[in-house]
Amino acid sequence: MAATITLPSYQAERIGAQIAEGETIRSARPHALTDAITNYCPGCTHGIVNRLVAEVIDELGIEGKTVGIAPVGCSVMCYDFFNCDMIEAAHGRAPAVATGVKRVHPDNVVFSYQGDGDLASIGTAETVHAATRGEKITVIFINNAIYGMTGGQMAPTSLPNQVTQTSPYGRDVSKAGYPVRICELLSTLDGVAYVERVTCDSTAHIRAAKKAIKKAFQTQIDGLGYSLVEVVATCPTNWGMTPQDAFAWLRENMLPYYPLGVYKDVVADGFASAAEAALERAKDCPIAQQGRGE
C-alpha cells in the first residue's frame, strides 16, 4: 500500500523518501523550523507564530538568504528555532541590527522578531526611525500586553486598568498614560509599505496571520518599503489564567482595543511602493517633489 501524502509540494519533495509504505502524512515540520525544544510556556502563541514564519520561509524558498534578528524577551532564544542565519540583538535594537544587515546585504531577506517590551518600550526609537526611513525589512511583532520573560510587569501595550506586577491596582492612565497602538502609529509614516494586525486564537485567524506574514515578506522581496505584522497574543502565565481563559480574555478585552485588520497597504492604495505613496502625499510641497520622475 502506497503512502498517502497530503502536504504542500515543497514539503512532500523533502520528506517523501522518509515516509514508510502505508503511512498517511498530513503535517510536517517546516524545514526552516528546527527540531529544538522551545522554552515557551504552555499555551503561549509564540510557538504558533514561529511555525508560521518558518512555513512562509519554506514556501517562498528563501531560507538560504534569510537573516533573522532575535530580540530580548520570551523569544530571546528564537535563534535556536529557525534554520536560517540568526543574529542576537541588544534589547530593543533589533531594527538597527536589521537595518545594518539589509544595507550591507540588500539581496538578503531580513526580519526581526520582537515582543512589546522590546519593540514598543526600549526599542521605540529604533522601531519608529527604521519605519520612517523605509528600511526594507520585515518585523514580526508579538503584543501580549505584558512583560513576559521578566515576571509580568506593565508594558507599553498593557490595557487601561489591566493588573500586572507593577500595576497591582490596574493601569492608571492618569499616571502611566495610555497604551501604544503600534499599527496605528506606524501607518502614519511615509516609509511604511505594509502593516497588518492579526491574532492566533482560532484556525481561521491563524490562516489569516500566515497570509499577512507571507505578504509582509513579499513586500520586502519586492522592495516596496518597511513591513510589519502585529500579532495580538496571550500570556497565560503572567496573566494568571489557563490558556483557554487567556484566549477568552484576549477576545473580550484585547481585540476591541487592538482591532484586527490592514492598517496600511500602499499597493492596495494604488501605489508601486512606499516611496511613490510618500511623493503623492507631499504633492503640494515643491521641495519634496524635486527629482520626481527622474
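This one's a predicted model, so the numbers in the text were calculated from it and none came from an experiment.
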TODO: Determine the minimum heavy-atom distance between Cys78 and Tyr40, stating which atoms define it.
DONE: CB-OH, 4.1 Å
Task: Euclidean distance, Leu250 CG relative to Asp201 CG, rounded to 0.5 Å - done: 6.0 Å
Task: Single-linkage hydrophobic cluster, 4.5 Å side-chain cutoff, Val101 and Met86 together - done: no
Task: Distance-only polar pair, side chains of Tyr258 and Thr157, donor-acceptor under 3.5 Å - done: no
Task: Sidechain-backbone polar pair: Thr132 side chain, Leu189 backbone, donor-acceptor under 3.5 Å - done: no
Open item on the list: Please check this pair: side chain of Ser158 against backbone of Ala155, looking for a donor-acceptor N/O pair closer than 3.5 Å.
Closed with: yes
Task: Ser167 side-chain N/O to Val163 backbone N/O, donor-acceptor pair under 3.5 Å - done: no
TODO: List the atom of Pro71, the atom of Glu88, and the distance in Å for their closest heavy-atom pair.
DONE: O-OE2, 2.7 Å
Open item on the list: If the threshold is 4.0 Å, N to carboxylate O, is there a salt bridge linking Glu196 and Lys215?
Closed with: no
Open item on the list: Quick check for you: to the nearest 0.5 Å, what is the distance between Ile221 atom CD1 and Lys136 atom NZ?
Closed with: 14.0 Å
TODO: Report the C-alpha distance between Glu59 and Lys214 in whole Å, list the side-chain angles of each, state the deciding distance to 0.1 Å, and finish with yes or no for salt bridge (charged side-chain N to carboxylate O under 4.0 Å, His left out).
DONE: CA-CA 9 Å; Glu59 290 178 15; Lys214 190 171 186 178; 3.0 Å; yes
Task: Non-neighbouring partners of Arg171 that pass salt bridge (Lys or Arg N to Asp or Glu O under 4.0 Å), sequence neighbours left out - done: none
Task: Point-to-point distance, once rounded to the nearest 0.5 Å, from NE2 of His105 to CG of Asp107 - done: 10.0 Å
Open item on the list: Quick check against the 3.5 Å criterion: does Lys264 have a side-chain atom that pairs as donor or acceptor with the backbone of Val192?
Closed with: yes
Open item on the list: Quick check against the 3.5 Å criterion: does Thr127 have a side-chain atom that pairs as donor or acceptor with the backbone of Leu119?
Closed with: yes
- [ ] May I ask you to decide whether Lys210 forms a salt bridge with Glu55, counting only side-chain N to carboxylate O separations under 4.0 Å?
- [x] yes
- [ ] Starting at CG of Leu33, measure out to CG of Asn83 and round the result to the nearest 0.5 Å.
- [x] 7.5 Å
Task: Heavy-atom pair of closest approach, residues Ala32 and Asp58 - done: N-OD1, 3.0 Å
Open item on the list: Is the distance between the ring centroids of Phe81 and Tyr113 under 6.0 Å?
Closed with: no
- [ ] Find out if a path of hydrophobic residues (ILVMFWY) with successive side-chain heavy-atom gaps under 4.5 Å connects Val139 to Val231.
- [x] no
- [ ] Please check if the side chain of Trp239 supplies one atom and the backbone of Asn144 the other of a donor-acceptor pair under 3.5 Å.
- [x] yes
- [ ] Please confirm whether the backbone N or O of Asp118 pairs with a side-chain atom of Ser121, one donor and one acceptor, at under 3.5 Å?
- [x] no
Task: Side-chain (Gln289) to main-chain (Leu279) donor-acceptor, under 3.5 angstrom - done: yes
TODO: To the nearest 0.5 angstrom, please state how far the CD atom of Glu126 sits from the NE2 atom of His91.
DONE: 11.0 Å
- [ ] Supply the atom-to-atom distance Ile62 CD1 to Cys84 SG, rounded to the nearest 0.5 angstrom.
- [x] 8.5 Å
